[in-house]
Structures are given as C-alpha cells and as structure tokens.
Amino acid sequence: MSKAEEAKKTITIENVVASTAIGQEIDLKSVTLALEGADYDPEQFPGLVYRTKDPKTAALIFRSGKIVCTGAKSIEDVDRGLKKVFKKIASVGIKVDPNPEITVQNIVASADLGSVLNLNAIAIGLGLENIEYEPEQFPGLVYRLDSPKVVVLLFGSGKLVVTGGKKPKDAEEAVERIVKELEGLALL
Amino acid sequence: RLRKWQRRIRVSNATERNLAFALSELDRMASALGLPRNIRETSAVVYRKAVTKNLIRGRSIEGVAAAALYAACRQNGVPRTLDEIAEVSRVSRKEIGRTYRFISRELGLKLMPTSPIDYVPRFCSGLNLKGEVQSRAVEILRQAAEKELTSGRGPTGVAAAAIYISSILCGERRTQREVANVAGVTEVTIRNRYKELAEELDIEIIL
DNA sequence: GCTTTAAAAAGTAACTT
DNA sequence: AAGTTACTTTGAAAAGC
C-alpha cells in the first residue's frame, strides 16, 4: 500500500467549526438567566457561550440569532450539538427556524506520515518562498496549499495538522499532496 | 495648484520625518545591542525596501524597524533572538516576530531558519570559553544536524546544550545555569537537549 | 487589528510537589 | 526532577470597537 494511503488512514478530525442562524433575534440577557452554564459578558465579547457535553461543543450565540459551533469532532457532531442548542433556545420560548442552514467553516485534522522529517531539507525542497519555518517561534513548518486551499503544519516527528478546509476530503487531498511532494523530493 | 504642491511637500516632509525616525530608532536599538555598523546599514536597507513596497501601512514604524534589525542580524549570520530585540524595542516580541514574517515574505528575503552554530561564538564569549570549546561545540552541532536532532527545536537551546557538553569535554566546565543565562533558555531545556545529543551522538559525559 | 470558542501538533516556560 | 498548566502557530465564523 502506498505511503499516501497509509497516511490517509491516520487522519483524525479534531475540530469542526460551523455557523448557522435560527432566523430570530435573541435577547441574550434573558437567555443567560434562563440557561444554566451560559456565559455572557458583552463587555468582553458580544456572543453568549453555551457548552454541550455530549457531543462536547461550545456554541457562541449572538443577538442577531446567528450561532457558531466549535469543538465538534465530526460534522455529525456539529448537527447533534446544534440540535441540542436549538432545543434549549426553544425551551426558553424563542421560535427557532425548523430547518436552519448549517455551514461548515473550518475543519482541523491531524495525521501521521509515519517517519521523522528533516524540516530544514523540506524548507529548501518546497522553496523558502512557499513556506514559513521559524523554530525559534514555533516547532512546525507552515505550508500553504492552493488546492485544496488549506494550511498544513509539518512537524519533525512526521505528524501534521491540516486546517482551513471545509470538508473532510480537503484534508485527505492535502495529505495525499504532501506525501507525493515529499516523495518527489525524496524527503519521506 | 498651489495646494497640490503644498500637499506634496507636506507628504514628502512626513515621509522623510518618518524615515529619519526609523533610522534613529534602528541606531538606538543597534547601539543598545552593541551591533556593528554593517548590521545597522543592512537593517537600514531592509527598512528602506519595506518603505518602498509600502509595507509600513497598518504597522508601527518601530515594529518594522525592530523586524528589519532582526532580519539584518540573521542576514549577516550573527542572529539576535526575538527576546533580545524585544528588550531594546518598545514593541512586543510577538509583534516583532509577526512583522518579521510579513516583511520577510514580502521582500523575498528567503532566510533559512537560524542555525544553532551562529549562536556559538557569542554565547561562548559570554561564558569566557576559548576557541577550542567553540570548535568542539560547532562540530557537535554539525553532527546533530546530520542526525536530524535539530528539526523543530529552538536554535538557542540546541546551541546551549552543545556548548554545555563541549565545555565539559574540554575541561572548562560551565554549569547549566551559567549556559542557560547566557543563551536565554531554561536549565530544563539544556538538560533535555544535552541528554538527547549525548545519547544520539554517543558522547560520554563524566560529571 | 482585537475580543471569544475549540482542537491538534511539539517545544519551551513557569509554577508546584 | 517530575508533573501540571499554559503559551507559541494555523484556520473560520459571529458583532462591535
């Protein structure tokens, strides 16, 4: 089996960020009082923070009725988490759009290339103008891909992080491209 | 028409005033760090290029000046850490690093990450260590680079560990605390790095 | 640009035990 | 010296300063 396929199998979605809207204005003050565990400090941030335990997510609820959901480990968990948030909001007497459109904004995934990497050599191989590698500031090498449009963080251990994608396939394509590029440079 | 001219003169004055301020700022920081004239000149060149490419927009003159100085040190092979630059700057280390990455990319500086080897002469003289200790530390770092022991590690920490080992091998032992203070890292970091180097390079250290 | 959320990677740092 | 917590980097949305 190719290294690209081996690496793809190690892909783990670590975080999914999504946005939606209930189609109704919300009085955050009263919702804060009605919901236990709701954090709302308008001086610090305009959104109300509400956390769900299963799935473990954090929802940012705004006055406009727009909501941001973060922390989910899968797109399915985003839906499950938001369902719970919607029910909570509805239980406080607020009308909720029965079919809210949920948009995935970002997916963070991790993976393992299976062998250690020489980041200095990779920096030269990929081209110093295409990467950012400042070990004094951060141990990872930053590589931006145009297609899929994601950012990859490569580490000396061979582990990597792919972020900026909107669908799981973006991470898969990114890993495949990275593996092929590194193999082409004989650096993997 | 007259206003147009006045405006141009005003802009020109402002531009020159800003440049003069930036250059004096570069000089002030360079003096505080005891940097030689060639580095001040390099930093001035980097700063002027940044001005030419309008990279100052939305950024503070001091931030760009600090980043230009940081870049100049690296270009000349005598790097200063972001912490050292930040100490003589009015800008935070975080902003200097950010600005450096920005101008580095925009000006196409294409600088390789700082090599631990470039820190050896300065750290060694700060510890009053002779040339023999230096060359031995450099040799350790060469081997370390070949064996992939530097990927992702902070250059100062690796350099400090190599110097620590070298000082012992040369019979001019410096404590981890002394090396840590000169290199600006913690003793824990030196310990982690030197154990790794000793193990992977098969260096026996008798304390 | 900042503020807040979540999560991973690996290195470094700052505390406590 | 070991453990814990926390900060560095990346990405995106929300409303407002």
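Here the structure is a predicted model, which is why all the values come from computation and not from measurement. So that the names make sense, note that chain A is the first sequence line, chain B the second, and so on, each numbered from 1.
- Residue-level contact check: B:Arg93 touches neither bases nor backbone, having no heavy atom under 4.0 Å from any strand.
- Distance check on atom P: D:dT8 versus C:dT3 gives 10 Å, rounded to whole Å.
- Straight-line distance between the C1' atoms of D:dA2 and C:dA9: roughly 23 Å, to the nearest whole Å.
- Contact between the side-chain N/O atoms of A:Arg63 and the OP1/OP2 oxygens of D:dA15 is not found at any separation under 4.0 Å.
- Residue B:Arg59 places no side-chain N or O under 4.0 Å from the OP1 or OP2 atom of C:dG1.
- Rounded to whole Å, the P atom of C:dT4 lies 15 Å from the corresponding atom of D:dA6.
- Considering only side-chain N and O atoms, B:Thr189 lies under 4.0 angstrom from the phosphate OP1 or OP2 of C:dA13.
- Taking atom CD1 of A:Ile61 as the reference point, atom C1' of D:dA14 lies 12 Å away to the nearest angstrom.
- In the set D:dG11, C:dG11, D:dA1, C:dG11 carries the atom at the smallest distance from any side-chain atom of A:Pro139.
- Residue A:Phe155 has its side chain nearest to C:dA9 when only D:dA13, C:dA7, C:dA9 are considered.
- Comparing atom distances between the A:Phe45 side chain and each of D:dA15, D:dT10, D:dA13 picks out D:dA15 as nearest.
- Remark: C1' of D:dT10 and CG of A:Leu141 are 12 Å apart, rounded to the nearest angstrom.
- Comparing C:dT3, C:dT12, C:dA6 by their nearest atom to the side chain of A:Lys56 picks out C:dA6.
- Relative to the side chain of A:Gln105, the nucleotides C:dT5, D:dT10, D:dA13 differ in distance, and D:dA13 lies closest.
- Look at B:Thr186 and you won't find any side-chain N or O under 4.0 angstrom from OP1 or OP2 of C:dT12.
- At a threshold of 4.0 angstrom between heavy atoms, the contacts of A:Ser64 are confined to the sugar-phosphate backbone, with no base atom among them.
- In this structure, the OH atom of A:Tyr143 is 23 Å from the P atom of C:dA9, given to the nearest Å.
- In this model, the phosphate group of C:dC2 is approached by a side-chain N or O of B:Arg98 to a distance below 4.0 Å at OP1 or OP2.
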